[in-house]
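What follows is a short report on a single structure.
Bear in mind the structure is a predicted one, so any value in this text is a computation, not a measurement. Here is how names work: the chains are called A, B, and so on, in the same order as the sequence lines, proteins then strands, and each is numbered from 1.
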Amino acid sequence: MLNLNGYFSKVKEEIFSSFKEKYGSLEFDLDQLKIEKAPEKEDAEFGIPCFPLGRVLKKSPVQVATEIAEAFEASDLIEKLQAVGPYLNVYINRQAFMACVCASVRQDKNRFGSSFMGKGKRVMVEYSSPNTNKPLHIGHVRNNLVGMTISRILEFNGYEVIKVNLINDRGIHICKSMLAYEKWGEGETPESSGKKGDHLVGEYYVRFDRELKKEKEEYATKVGFDQGTLDKEFIRKKREDMRQCSDKEEKKKLRQEISDLAKKGEAFEQEFLANSQYTEEAQGMLQKWEQGDEDVRSLWKKMNDWVLAGFEDTYAILGCEFEKLYFESDTYTLGRKFVEEGLGKGLFERYKDGSIWVKAEKLKEAAPKSFKKVQLNDKLLLRKDGTSVYMTQDIGTAALKNEDYTLDRSLYVVAEEQNLHFKILFAVLEMLGFPWACGCEHVPYGMVILPRGMGKIKSREGTAVDADDLIQEMKGRAEEKIRDGEVRVSEEQIEDTSLKVALSALKLFMLQVSLDKTVQFDPHEVIEFYGDTGPAILYSYARIQGIFRKAEILPDEEKSIDVSLLTTSEEFALLQMVSEFPDTVKTACNYNPHLLVSYLLTLKKNFSSYYGKEKVINEDNQALTLARLGLCQVVAQTIQNGLSLLGIEVVDNM
RNA sequence: ACGCCCAUAGCUCAGUUGGAUAGAGCACCAGUUUCCUAAACUGGGGGUCACAGGUUCAAUUCCUGUUGGGCGUACCA
């Protein structure tokens, strides 16, 4: 039996051999011919546009189509070809095709759709990269899901994937929550309070910000500064006014006004920070941390462990896994050596104050394509006191990654706001002559933002939607829905099923949007369970399982499905859809997980239509029942394979 | 100011290297449960693919410009 891949190549070959004879030898790449699904108004199953052929033969595509159709003789696979304008409609032998699809799925099972594209190649995927001062929010959820899904898709395509997480466990933001805990914590622990570790620490991060604001108000009063005009609401309203203003002059004036206010605000902010007691204390704590002060280090260790334990729970629920964790506290000084080496080789430059920089021109030379139109500034690589910046750390970590593993590719799943940073990083790695530098790749995705007027997602200001809370809220709703009406899920299963349903909704919601789009998330609106959603796909799967439970016998795995009994157009459409799965997986592999989502939604839609129209179990006709049960198995397997790439587990009942 | 990304139905989004009549879901209207799970299905209305040019036999898709939005241009990470 032909497998799917073989089927399509054979179809192409058959079409070609017939016209190759006609035109004699001709230079034409078979891949240029696309076998597309024919539009619905056509009776044919597939269609081939003849424009590329026409170009090569220097004939009109209409003529080419006609000539090929005339020359073609029917075969086992193809019944006939028909020219419709510049298109060649392909009427296939449906049974041969359907048998081939079914056999492919039944043979490959949970590997159906996989490929060997990446065989022998090892790729590292860095994702998540959280700060250890606050719990994960909806923005991190997008990163985690994208990173995890890309990893799974790569693995399915034969790559060896190493998932890593770079934990940002060091820096002033960490010290802020530490300081707040020291001041106001009164020895609270996750155990004593019953709070999840990351949430507990997050509360102190928020607390620091609140106290800092208080201090700022007091300072403003002391120096007689009116903060009222710097109020966010006030500026936001002004901005809204400006947007709506149609008069150009007026608009300009408003813009100037806003910009002045912003400048004024910034100046005051600077002045305040320079005089802020809390800020000074936090800075002091960071210095002590860097000096290895025992007390500070032990507090840091304690709180970080709390947070990491909390993250572990969230990762486990989301289905995120890592082969290795890198900690910034271990890696942040690693890059220094390379920066100094680069300086020695004359790649970088030392400024008078002692700091080390890479010149913009040098970067442009190293990666002319990346910076073609970019107005680039020199980039700091090492501070004058020899301490590291973000870039230093990333150089070191990249080198460490390639010391730990031999990598063909190294991906960074990080939000698009860091596009420039990674362009520079990769150019610097290139300059330093690392042979693996060209394997580095940034996989950017759009941020999750709040609706207009709600500002930015900020944990410390309470505008973030907490990941754990969101999942729990959704799980509660899922359970409610399961218990509503006829309950099919056993009491022991309800907890597990509710969580799976909730996660399917969350994951599909996030992953259905292409990576280049910003996702707007309104915290006041819930993620739905109806329509084009994860639960709707799980529901289709559960319905199929319901059929299997009810069926008296299931198809014999050894025997092939009698596809000659599957005569409805819905049945053909379903198998045609199934046949597209392997290609969908391949295109998804190019950082397009959303294509997999829309594929699964279409498959679900096809199945639901079929389910509504035909009955699978037919008491009077066992042969037909078995054939349809076989079809259902094939569809269920495809749904399961697709969902598993998205990290979604199926349920048998819901 | 400059650079990058985005703009498709009232709303949220698909549309895989340019190809046949631009598709879903939500919302709205009208239907479908003696029949394998109604978290479903069937039908209906709803589009100048932001705008203006250009390239092409063919443009939602590629190029240029304009407008609107997001992000970036830190000795923050």
Can any side-chain N or O of A:N165 pair as donor or acceptor with the backbone N or O of A:S129 at less than 3.5 Å? yes
Where the side chain of A:K373 is defined as all heavy atoms beyond and including C-beta, which of B:rU37, B:rA39, B:rG3 is the nearest nucleotide? B:rG3
Interatomic distance, A:E36 CD vs B:rG18 P [rounded to whole Å]: 12 Å
Residues at least two apart in sequence or cross-chain that pass ring-ring contact (aromatic ring centres under 6.0 Å, His included) with A:F51, listed by chain then number, are A:Y87
Hey, which sits more toward the 5' end of RNA chain B by its nearest nucleotide, A:M391 or A:S540? A:S540
Any sub-3.5 Å donor-acceptor pair from A:S128's side-chain atoms to A:P130's backbone N or O? no
Please tell me whether A:Y390 and A:H421 form a close aromatic pair, meaning their ring centres lie under 6.0 Å apart. yes
A:M474 side chain reached by A:V526 side chain, heavy atoms, under 4.5 Å: no
B:rG3 phosphate, OP1 or OP2: any side-chain N/O from A:K372 under 4.0 angstrom? no
Syn versus anti for B:rU17, judged by chi lying within 90° of 0? anti
Every protein N/O within reach of nucleotides 24-27 of chain B N/O, cut-off under 3.5 Å:
unit_1 : atom_1 : unit_2 : atom_2 : d
B:rA24 : O2'    : A:D532 : OD2    : 2.6
B:rG25 : OP1    : A:K605 : NZ     : 2.8
B:rG25 : O4'    : A:D532 : OD2    : 3.2
B:rG25 : O2'    : A:D532 : N      : 3.2

Determine whether a donor-acceptor pair (N or O, by modelled atom type, separation under 3.5 Å) exists between the side chain of A:T392 and the backbone of A:S388. no
Atom CG of A:D516 and atom P of B:rG15: how far apart are they, to the nearest Å? 9 Å
dist A:W357:CH2 -> A:L381:CG (nearest 0.5 Å) comes out at 9.0 Å
Atom CD of A:E416 to atom P of B:rG69: distance rounded to whole Å? 17 Å
Tell me the interatomic distance from A:K481, atom NZ, to B:rA40, atom C1', rounded to whole angstroms. 10 Å
Looking at the side chain of A:N131, which of B:rA77, B:rA14, B:rC71 is the nearest nucleotide? B:rA77
If I take atom CG in residue A:L538 and atom P in nucleotide B:rA39, what distance separates them, rounded to the nearest angstrom? 13 Å
Roughly how far apart, to the nearest Å, are B:rU48 and B:rA9 at atom P? 9 Å
Taking the side chain of A:Q520 as heavy atoms from C-beta outward, which of B:rU12, B:rA40, B:rA7 is closest to it? B:rU12
A:E479/A:R477 ion pair, N-O < 4.0 Å: no
Quote, to the nearest angstrom, the C1' distance that separates B:rG72 from B:rC26. 34 Å
Atom CD of A:E42: over 12 foreign heavy atoms under 6.0 Å: yes
Select base, sugar-phosphate, or nothing to describe what A:V597 touches, counting heavy atoms under 4.0 Å on all strands. nothing
Mind checking if A:I482 touches a base, just sugar-phosphate, or nothing, with heavy atoms under 4.0 Å? base
Considering only heavy atoms, which members of residues 41-51 of chain A lie under 4.0 Å from some atom of RNA chain B? A:K41, A:E42, A:G47, A:F51
Report the distance from atom CZ of A:F529 to atom P of B:rA40, rounded to the nearest whole Å. 12 Å
Carboxylate-amine/guanidinium contact A:E45 A:K37, below 4.0 Å: no
Which is true for A:H421 with a 4.0 Å heavy-atom rule: it touches a base, it touches only sugar-phosphate, or it touches nothing? nothing
What nitrogen or oxygen pairs link the protein and nucleotides 72-76 of chain B at under 3.5 Å?
unit_1 : atom_1 : unit_2 : atom_2 : d
B:rU73 : O2'    : A:N377 : ND2    : 3.0
B:rA74 : OP2    : A:N377 : ND2    : 3.2
B:rC75 : N4     : A:D353 : OD2    : 2.5
B:rC76 : OP2    : A:R383 : NE     : 3.4
B:rC76 : OP2    : A:R383 : NH2    : 2.5

Hey, which sits more toward the 5' end of RNA chain B by its nearest nucleotide, A:E486 or A:N419? A:N419
Heavy atoms under 4.0 Å, any strand shown: does A:N89 hit a base, just sugar-phosphate, or nothing? base
In whole angstrom, give me the gap between the P atoms of B:rC13 and B:rA22. 23 Å
Shorter than 3.5 Å, N or O on both sides, protein versus nucleotides 33-36 of chain B: list them out with atom names.
unit_1 : atom_1 : unit_2 : atom_2 : d
B:rC35 : O2'    : A:K615 : NZ     : 3.2
B:rC36 : O2     : A:I617 : N      : 3.2
B:rC36 : N3     : A:V616 : N      : 2.9
B:rC36 : N4     : A:Y611 : O      : 2.9
B:rC36 : N4     : A:E614 : O      : 2.4

Is the phosphate of B:rA14, meaning OP1 or OP2, less than 4.0 Å from a side-chain N or O of A:S514? yes
Side-chain donor/acceptor of A:D378 to backbone N/O of A:A360, under 3.5 Å: yes
Listed range with range, the stems formed with RNA chain B by at least 3 consecutive Watson-Crick or G-U pairs (under 3.5 Å) are B:1-7 with B:67-73, B:10-13 with B:23-26, B:28-32 with B:40-44, B:50-54 with B:62-66
So, A:Q576 and A:S579: side-chain donor and acceptor under 3.5 Å apart, yes or no? no
Rounded off to whole Å, could you give me the CG-to-P distance for the A:L506 and B:rA39 pair? 21 Å
With rounding to the closest Å, how many angstrom separate the P atoms on B:rG70 and B:rU8? 15 Å
Between B:rA7 and B:rA50, how far apart are the P atoms? Round to whole Å, please. 8 Å
Taking atom P in both B:rA40 and B:rU17, compute the distance separating them and give it to the nearest angstrom. 30 Å
Taking any heavy-atom pair under 4.0 Å as a contact, classify A:N592: base, sugar-phosphate, or nothing. nothing
Whether A:N621 side chain and A:L624 backbone form a donor-acceptor pair below 3.5 Å: yes
Does the A:N131 side chain pair with the main chain of A:I174, one donor and one acceptor, at a distance under 3.5 Å? no
Measure from OH on A:Y205 to P on B:rA77 and round the result to the nearest Å. 13 Å
Integer angstrom distance from the C1' of B:rG18 to that of B:rU61: 6 Å
Donor-acceptor check, side chain of A:R549 to backbone of A:I544, threshold 3.5 angstrom: yes or no? no
Using only heavy-atom distances, determine whether the side chains of A:Q393 and A:T397 contain a donor-acceptor pair under 3.5 Å. yes
What distance, rounded to whole Å, do you find between the two C1' atoms, one in B:rG46 and one in B:rC36? 36 Å
State whether a side-chain donor-acceptor pair under 3.5 Å links A:N133 with A:S177. no
What do you reckon, are the aromatic ring centroids of A:Y332 and A:W289 less than 6.0 Å apart? yes
So with a 6.0 Å cut-off around CD of A:Q622, is the heavy-atom count from everything else above 12? no
